[in-house]
Amino acid sequence: MLTSNDVAAILNEVAVMLEITGATVFRSRAFRNAAHAVEELTTSIHDLVTTGELRKIRGIGKSIFSDIENLLAHGSFALYDELRTAVPESVLDMLRVSGMGPKKVKLVYDTLGIHSVEDLERAGRDGLLAALPGFGEKTQGNILRAIERMKKYQGRFLLSTAENQAQPIVQGVASVPGVSRHLITGSLRRRRETIGDVDILVCASDAEPVMERFTSFDTVASVNAKGPTKSSVILTSGLQVDLRVVKEEEFAFASHYFTGSKEHNTEIRARAKKMGLRLNEYGLFDSKEHSDPCGDEAALFARLGLDYIAPELRENTGEIEAAKNHTLPALIEEGDIHGVFHCHTNRSDGHNTLAEMVGAADALGHAFFGTGDHSQTAVYAGGLNVDAVRAQRREVDALNRAGGRVAVFHGVESDILADGSLDYPDDVLGELDYVVASVHSQFTMGEAQMTRRIVRAMSNPHTVILGHPTGRILLKRDGYAVNLRTIIDAAVEYEVALEINAHPYRLDLDWRHVRAARDVGAMIVINPDAHNTDEVAYVRYGVGVARKGWLEKKDVLNTRTPSQVRQYLRERRVRRGIA
DNA sequence: GCCGTTTTCGGCCCGACTGTTTTCAGTCG
């Protein structure tokens, strides 16, 4: 059975094939927009098609609705079949080669019969590409180098990786004399979970020394472009970093422009256009080409009749409408977090003692800290048997009696067994302050069975938190098949907080689904899943996800003080009948 | 192909850089 993500992937594929076959950019864009809309769904796409609700979603018109209907019923639709006949699948791979767009792909396919990256590489080595119209020696060399790079690297990076690699470069260009302002923009500023490239924006009276510094870092492997306002480099890690230099009076426009997303920008510019204005990275121009002076992004939004939209929300998922209607959320901030749950100690697979982990929480200014070591079935991770759980309880009690600044809560991360039961008897679970229930095995279970398994675990009154709800590992493995709609509803029914696992490898629950959970009033909790003292600070990546999911302080369990957490757990126990 | 404060047709965001060109197409973001 096709999932929403499968459908979105096919719609994207159609968009790409339309580009290659020379359809208008608008038709192609329509499929891309539809794919974007489908990716956001949390309700089963099958249900939405059956009820016709899908047709009401912006971006899904009569024609694409019918295509999706056919796709779900028969596994394909006429246009898709037609395009797949016209464009072999391996041709699409060529688009992943930097510098190869639809026009060039079509040209090499039509004239040289090249229909894969391997063919393209061979043709390049044989010098055949350079002879094509619009190509040349340099283009041929660039394509060969791009293929090399593609083979060597994944192409996308974790948010944390990109940020760590960008920091020294940002600091370096910021220290060039004449640089007055600097900002990381792009998807990094929007706190996307993975990053394609890093965008840095700088204000400088003279761009040249900035470009010189930027292109000469030790970590720069190659310089892709170097102009008076824009340069682009590839680091030895394979990460691409772009730098733009603008004037002081352009900064607000440029920071908005380069922060994106592309979809958000398109909507914003369309709005400006309707107001008789033209917006680009240099200004907001009226019919006489006079730019509105906007000192910051807030002024720019205000000029367009909008409330300030935080970077994390700029994904064109309704934020512009909400900004117009003054209904944007007051987003949660890092400083709202008073503590975390679900951290590991060296009793299971963590590297530090409980006391050391609590010290790390203290250093972050947290008021509480909650453990979440693995349970006994997780033998590979040194999971705690019942005696070890009780020994840890004594350790927690002793720390609390010692009266440090940080209150310590005692929880475990209990494996959800194949049948949905938890990993300890009820009386042992009852001795804990809370239980984080997580799936760590049998990922390949079918959706219906996996959903039943997880819902059963959530229905256990001792389960307070559902850990990493989909089990995905970014850039490595997709989450297991699970009906998130059902899980979200169960979270409300059984009063289970859904975890935003803030570990940069996970960031699970995904921000796209966080919002759906919020909309029905599910409680969210942000946990670092820390395995050493440094990783407690990962909670900030989770705050980024929460903000992208439109969460406010009140939506998140760990914005509460220790006494409020105690009260919540106590009252919850009463409501769940285990007091 | 989608959509509507320009509403059922006629629009649909905008600019930098490169490499190929002698004025611009393609790609990228």
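As the structure is a prediction and not an experimental result, all values here were calculated from the model. In what follows, every chain begins at residue 1, and chains take the letters A, B, ... in the order their sequences are listed. For the numbers below, each heavy atom of this structure counts, side chains included, while hydrogens, waters and symmetry mates do not.
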Please check if the side chain of [X] supplies one atom and the backbone of [Y] the other of a donor-acceptor pair under 3.5 Å.
X        : Y        : result
A:Arg271 : A:Leu304 : yes
A:Arg472 : A:Arg506 : yes
A:Lys548 : A:Glu312 : yes

Original post:
Crowded around A:Glu89 CD? As in, over 12 foreign heavy atoms under 6.0 Å?
Top reply: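 12 or below, so no.
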Original post:
Is it true that atom OH of A:Tyr505 has more than 12 heavy atoms of other residues, nucleotides or ligands lying nearer than 6.0 Å?
Top reply: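 Atom OH in A:Tyr505 is not packed in, count stays at 12 or less.
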Short N-O contact, [X] and [Y], less than 4.0 angstrom:
X        : Y        : value
A:Asp47  : A:Arg485 : no
A:Arg192 : A:Glu315 : yes
A:Arg213 : A:Glu208 : no
A:Lys262 : A:Glu267 : no
A:Arg58  : A:Glu263 : no

Rounded to whole Å, how long is the line connecting atom [atom1] of [X] with atom [atom2] of [N]?
X        : N      : atom1 : atom2 : answer
A:Arg55  : B:dG1  : CZ    : P     : 13 Å
A:His256 : B:dG15 : NE2   : C1'   : 16 Å
A:Ile60  : B:dC3  : CD1   : P     : 8 Å
A:Lys138 : B:dC17 : NZ    : P     : 15 Å
A:Ile68  : B:dG1  : CD1   : C1'   : 12 Å
A:Arg58  : B:dG1  : CZ    : P     : 18 Å
A:Arg271 : B:dC3  : CZ    : C1'   : 17 Å
A:Gln140 : B:dT20 : CD    : C1'   : 14 Å

Original post:
Taking the nucleotide of DNA chain B with the closest heavy atom to each, which residue, A:Ile64 or A:Gly227, is nearer the 5' end?
Top reply: A:Ile64
Original post:
Considering heavy-atom distances to DNA chain B, does A:Ala270 or A:Ser63 have its closest nucleotide positioned more toward the 5' end?
Top reply: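 Nearest-nucleotide comparison on DNA chain B picks A:Ser63.
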Choosing from [options], which nucleotide comes nearest the side chain of [X]?
X        : options               : answer
A:Asn280 : B:dC2, B:dG15, B:dT18 : B:dG15
A:Ala225 : B:dG19, B:dT18, B:dG1 : B:dT18
A:Arg244 : B:dA16, B:dT18, B:dG1 : B:dA16

Please work out if [X] contacts a base, only the sugar-phosphate, or nothing of the nucleic acid, heavy-atom cut-off 4.0 Å.
X        : answer
A:Glu267 : nothing
A:Gly196 : nothing
A:Leu18  : nothing
A:Asn142 : sugar-phosphate

Original post:
Once each nucleotide of nucleotides 5-10 of chain B is scored for protein heavy atoms under 4.0 Å, what B/S/- sequence comes out, 5' to 3'?
Top reply: -S----
Original post:
Can you give one letter per nucleotide of nucleotides 21-29 of chain B, going 5' to 3': B for a protein heavy atom under 4.0 Å from the base, S for sugar-phosphate only, - for none?
Top reply: -----SSSB
**OP:** Starting from the C-alpha separation in whole Å, work towards a yes-or-no answer on side-chain contact (heavy atoms from CB on, under 4.5 Å) for A:Met100 and A:Val117.
**Re:** CA-CA 10 Å; A:Met100 290 292 291; A:Val117 175; over 6 Å; no
For [N] and [M], measure between their [atom1] atoms and round to the nearest Å.
N      : M      : atom1 : value
B:dG10 : B:dA16 : C1'   : 29 Å
B:dC17 : B:dT23 : C1'   : 16 Å
B:dC12 : B:dT8  : C1'   : 16 Å
B:dG26 : B:dT20 : P     : 14 Å
B:dG11 : B:dT18 : C1'   : 31 Å
B:dC14 : B:dT22 : C1'   : 25 Å

**OP:** Tell me the partner of B:dG19, counting only Watson-Crick (N1-N3 plus N6-O4 or O6-N4) or G-U wobble (N1-O2 and O6-N3) with both under 3.5 Å; none if nothing fits.
**Re:**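 Matched B:dG19 with B:dC24 under the 3.5 Å cut-off.
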Side-chain N or O of [X] less than 4.0 angstrom from OP1 or OP2 on [N]?
X        : N      : value
A:Ser231 : B:dC17 : no
A:Tyr282 : B:dC14 : no
A:Thr229 : B:dC17 : yes

